[in-house]
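One structure is given here, and the rest of the page talks about it.
Remember, it's a predicted structure, so these values are computed and weren't measured experimentally. Numbering starts at 1 and runs along the sequence shown.
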Amino acid sequence: MEAVLKNLSSTAELLAVAARSSVVEQWDKQTLSRAFHWARYCEHLFSRFLNNTTIRRVIEKQLRLTNESLRAVFTGYADICFSDLSQCQHLLLVGLLKNPELPISIMKILFDTASPVNNQQSDYQDVTGLCSHIIQCKSACKVLSPLTDLSGADAEVQGAVLMERLEDLLSGGGEASRIEHILNSFLQEGEGASGHICLVISAALLTRTNSAAAQTASQDFLLDWLQKKQSVLQQMCSAIPSTLIIDLAKRHVKFRDAYCDVLKKWASEMEYSMSEGEWVQANTNRTVSFQRVTEHFLALFVACPSLRKDVEKELNALNISDGDFDVRGLSVWGDLLSAINK
């Protein structure tokens, strides 16, 4: 029993360190794996001794002594009681995500919900389940259903965790440059950016939290970051389903305006192909067709009717600057207006 109580105290200390100490800067993948192993060990203790009154009292006494010593070390330390042992992995993950000293390398591992921390048989639940547990227990997030239908739980959970992380960093007075560095590391442009990562960003922007002010601040920060990352923004607009893009446009004016700018940029990069009898993107790596751009505009006008008049006025001005010829193939703007108003 002495060894059990020692392990219990060590795990309580581990949870305090994970949440409140800069020591986590030195953590690596192996350290993280061991931490979750001990968290799971305490969950096992809870299950094993829940109905054993005698041993439970011994454990509770040990926790009181450990809490007392930890309060003396960590300002604002929250005591751990016997019932908390049932969700030690949850407490560990929440503590890590809220610790501003958590290194980006560890955040990436926690953010990768596609697999456990190591490739071997894991000693603890996969991170997706843990993140879902956080969301359910805190009732913190309500993501619109279209995303769940399209991408499953992973993107939804990752987006919610990302927003919670942003809220913590912003509320803690984190420097904008450091937060942007975290976003750049989290959401690296690359092969995955046009797929899963785009869905994660969408999930984050569609996440609702209990704190409207924190939600607005964190989502505004993410939107500002996204506007700086034009390549990611364009990949989002071309990779995720139109229904999801429209949800984002309806929710966020900043996204709607940026989305509209992307559509105009796509059109401006097109040239008329005599052989195909259609406008096509000038570069060889074609991502969208003229028909697709038209469909995007029409869907946007249906979702945001007040936008149509201003956009058509702008397209007409661009057509006039091209010569205002009423002949197909001379101005992409004139042909786009014709297609929109069919």
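- Between the side chain of Glu269 and the backbone N or O of Gln281, no donor-acceptor pair lies under 3.5 Å.
- The side-chain hydrogen bond (donor to acceptor under 3.5 Å, both in side chains) search around Arg56 returns Glu60, not counting sequence neighbours.
- In this structure, the side chains of Ile240 and Leu248 come closer than 4.5 Å at one or more pairs of heavy atoms.
- Checking side-chain atoms of Ser33 against main-chain N and O of Gln30 turns up no donor-acceptor pair under 3.5 Å.
- Within the 4.5 Å cutoff, the side chain of Lys254 has heavy atoms near those of the Asp224 side chain.
- Looking at Phe255 and Met236, their side chains come closer than 4.5 Å, going by heavy atoms from C-beta outward.
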Working for side-chain hydrogen bond (donor to acceptor under 3.5 Å, both in side chains), residues Arg40 and Thr11: CA-CA 10 Å; Arg40 188 167 176 80; Thr11 305; over 6 Å; no
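- Between Leu263 and Val288, every side-chain heavy-atom pair lies at or beyond the 4.5 Å cut-off.
- The aromatic rings of Phe301 and Phe297 lie tilted to each other, with the angle between the two planes from 30° to 60°.
- Side-chain atoms of Gln235 do not come within 3.5 Å of backbone N or O of Cys198 as any donor-acceptor pair.
- Below 30°, between 30° and 60°, or above 60°: for Phe82 and Phe46 the angle between ring planes is between 30° and 60°, a tilted geometry.
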Gln234/Gln230 under side-chain hydrogen bond (donor to acceptor under 3.5 Å, both in side chains): CA gap, chis, key distance, verdict: CA-CA 6 Å; Gln234 289 190 58; Gln230 282 295 309; 4.6 Å; no
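- Residue Asn99 comes nearest to Ser21 through the heavy atom pair ND2-O, 2.9 Å, listed as atom of the first residue, atom of the second, then distance.
- Asp335 contributes a side-chain N or O that, together with a main-chain N or O of Gly329, makes up a donor-acceptor pair within less than 3.5 Å.
- Checking side-chain atoms of Asn319 against main-chain N and O of Asp324 turns up no donor-acceptor pair under 3.5 Å.
- Between Cys42 and Cys88, the shortest heavy-atom contact is CB-SG, 3.6 Å.
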Asn7 vs Ser10, side-chain hydrogen bond (donor to acceptor under 3.5 Å, both in side chains): CA-CA, chis, key distance, verdict: CA-CA 5 Å; Asn7 291 336; Ser10 296; 5.4 Å; no
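- Put simply, the side chain of Ser9 never gets that close to the backbone of Lys6: no donor and acceptor are under 3.5 Å apart.
- Using a 4.5 Å heavy-atom threshold, the side chains of Ile246 and Val302 count as separate.
- Judged purely by atom type and a 3.5 angstrom limit, Arg20 has no side-chain atom pairing as donor or acceptor with the backbone of Val73.
- When atom types are taken as modelled, the side chain of Glu278 and the backbone of Ser273 share no donor-acceptor pair closer than 3.5 angstrom.
- The backbone N or O of Glu312 lies less than 3.5 Å from no partner atom in the side chain of Asn316, so there is not a single donor-acceptor pair.
- Between the side chain of Asp84 and the backbone N or O of Cys81, at least one donor-acceptor pair lies under 3.5 Å.
- The closest side-chain heavy-atom distance from Leu205 to Leu222 is below 4.5 Å.
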